[in-house]
Amino acid sequence: MSTDLTLEGARARDAADALAPFRARFALPQGPDGEPLTYLCGHSLGLEPLAARTLVSEELDDWARLGVAGHEHARRPWIPYHENLTAGLAAVTGARPHEVVAMNSLTVNLHLMLASFYRPQGARRRILLEAGAFSSDRHALASHLAWHGLDPERELIELAPPAGADTLGAEALEAALDAHGAQIALVLWPGVQFRTGEAFDVARVTRAARRAGCIAGFDLAHSVGNVPLALHEAEADFAVWCSYKYLNGGPGAIGGCFVHERHSAAQPRRAHAGGIPGARLAGWWGHEPETRFAMGPRFAGSPGIAAWQISNPPILAAAPLIASLAIFLEAGLARLRDKSLALTGYLEALLRARTPQVGIVTPEAPPRRGCQLSLRLPGAGGRAVFEALGARGVVCDWRAPDILRVAPVPLYNRFEDVWRFVQALTELLRA
Ligand SMILES: *Cc1c(COP(=O)(O)O)cnc(C)c1O
């Protein structure tokens, strides 16, 4: 990469970027001057694909036109609606189609996965997660422990980085599993840690967990649509994610879930008695579609992860994701990752050259990060700098006490956006 760190250099990079035209497929929030904001906040809420409006309108039109008949006769019939998302979700997670489903939201899916996969037995009952995990994940885990009559304060192992370090590394996790593995029933691990931006190798984490006899589950909220994933090959047990961050599915969009095929294959699809076969919480939408509407008392599960569905899906919260996943497939996941590495590498180079006083918490090695860099601002005025960035039309995110999270997203961010951010940061730190 050229070392030209001027605005003209950024513009030259944009001019040479084959993915640059995808920016025009998104609605770009504007500042009071009518200019697009420098939006580096795709880690919190991805931007709206323009095609989302068309898809949602079509569903509203079909509802108006057809009423209940839309279940079967809408242009995208509502009964099998989740199937519109299967190929895209399989591609972005590296799963087989019967291993992924769009349903519910992240934390709800985590609860459903814990109901199936957290099976404390004897001395093996603890849960391993990272210290400083996203609150919702910790709440979900703690509540499952309590649900089983266990004490979360005793049974949760929260792995912190070594003294003086900001990030964990897979070695720390492997050491913890070597030391405590026999007591651990389940590991819930991030694909990308939300605060530090540290990415983990799902295959390596899974191998370490399975070697210790533990279930390996993943929260991919900050991974999906951001870093390459190969969940099937990695043999992860389960994974959950939301779709409103890098997947650009819209606020409160339908979430996603992965269960490796070896688990769904092992679940009996039919119960001998009138109960629910297998270890999962059930509802009518997990029932095989052929006989679902016979409304019989006996549950017969759909093949694959579809059996974990509970309710009929929220069509209006799923339609934008169809639009967004189509863009991912069109742009190409490998090309997006290549641009992402270039954008984030450029951000890092600019920061090192122009604001050397800013610490970069996120690991430097490309396989150990996605697009986000977490920055530690010097001194006590970090929050004021964050607010001043906002006043200048630069949208990023502040995590108290001292972390600024910045995510240049390859689908809609430009090298110029990165340049503008560092320019604003440089001026504010000088002031
Ligand atoms: C964004 C995020 C969530 C959000 O959970 P919802 O159930 O979608 O509200 C949970 N966990 C992590 C790690 C996240 O990054």
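Everything quoted here is computed from the prediction, not taken from an experiment. Counting convention: from 1, in listed order, for ligands and their atoms alike.
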Pairs under 3.5 Å, nitrogen or oxygen of ligand 1 with protein nitrogen or oxygen:
{"residue": "ligand 1", "atom": "5 (O)", "partner": "T107", "partner atom": "OG1", "Å": "3.3"}
{"residue": "ligand 1", "atom": "7 (O)", "partner": "T107", "partner atom": "N", "Å": "2.9"}
{"residue": "ligand 1", "atom": "7 (O)", "partner": "T107", "partner atom": "OG1", "Å": "2.6"}
{"residue": "ligand 1", "atom": "8 (O)", "partner": "Y244", "partner atom": "OH", "Å": "2.6"}
{"residue": "ligand 1", "atom": "11 (N)", "partner": "D137", "partner atom": "OD1", "Å": "2.7"}
{"residue": "ligand 1", "atom": "11 (N)", "partner": "D219", "partner atom": "OD2", "Å": "3.2"}
{"residue": "ligand 1", "atom": "15 (O)", "partner": "H222", "partner atom": "NE2", "Å": "2.9"}
{"residue": "ligand 1", "atom": "15 (O)", "partner": "K245", "partner atom": "NZ", "Å": "2.5"}

Counting only pairs under 3.5 Å, give me each side-chain donor-acceptor contact of residues 195-202, with atom names and distances, residues two or more places apart or in other chains.
{"residue": "T196", "atom": "OG1", "partner": "E198", "partner atom": "N", "Å": "3.1"}
{"residue": "E198", "atom": "OE1", "partner": "L168", "partner atom": "N", "Å": "2.8"}
{"residue": "E198", "atom": "OE2", "partner": "G169", "partner atom": "N", "Å": "2.8"}
{"residue": "E198", "atom": "OE2", "partner": "R368", "partner atom": "NH2", "Å": "2.6"}
{"residue": "D201", "atom": "OD1", "partner": "A203", "partner atom": "N", "Å": "2.9"}
{"residue": "D201", "atom": "OD1", "partner": "R204", "partner atom": "N", "Å": "3.3"}

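For the pair N109 (side chain) and L106 (backbone), a donor-acceptor distance under 3.5 Å is absent. Put simply, the side chain of H260 gets close to the backbone of R262: a donor and an acceptor are under 3.5 Å apart.
For the side chain to side chain contact (heavy atoms under 4.5 Å, CB included) criterion with Q183, the lone passing option out of R125, R126, R124 is R126.
Between F238 and F117, the angle of the ring planes stays under 30°, which puts this pair in the parallel group of the 30/60° scheme.
A salt bridge links R352 with E364: at least one charged nitrogen is closer than 4.0 Å to a carboxylate oxygen.
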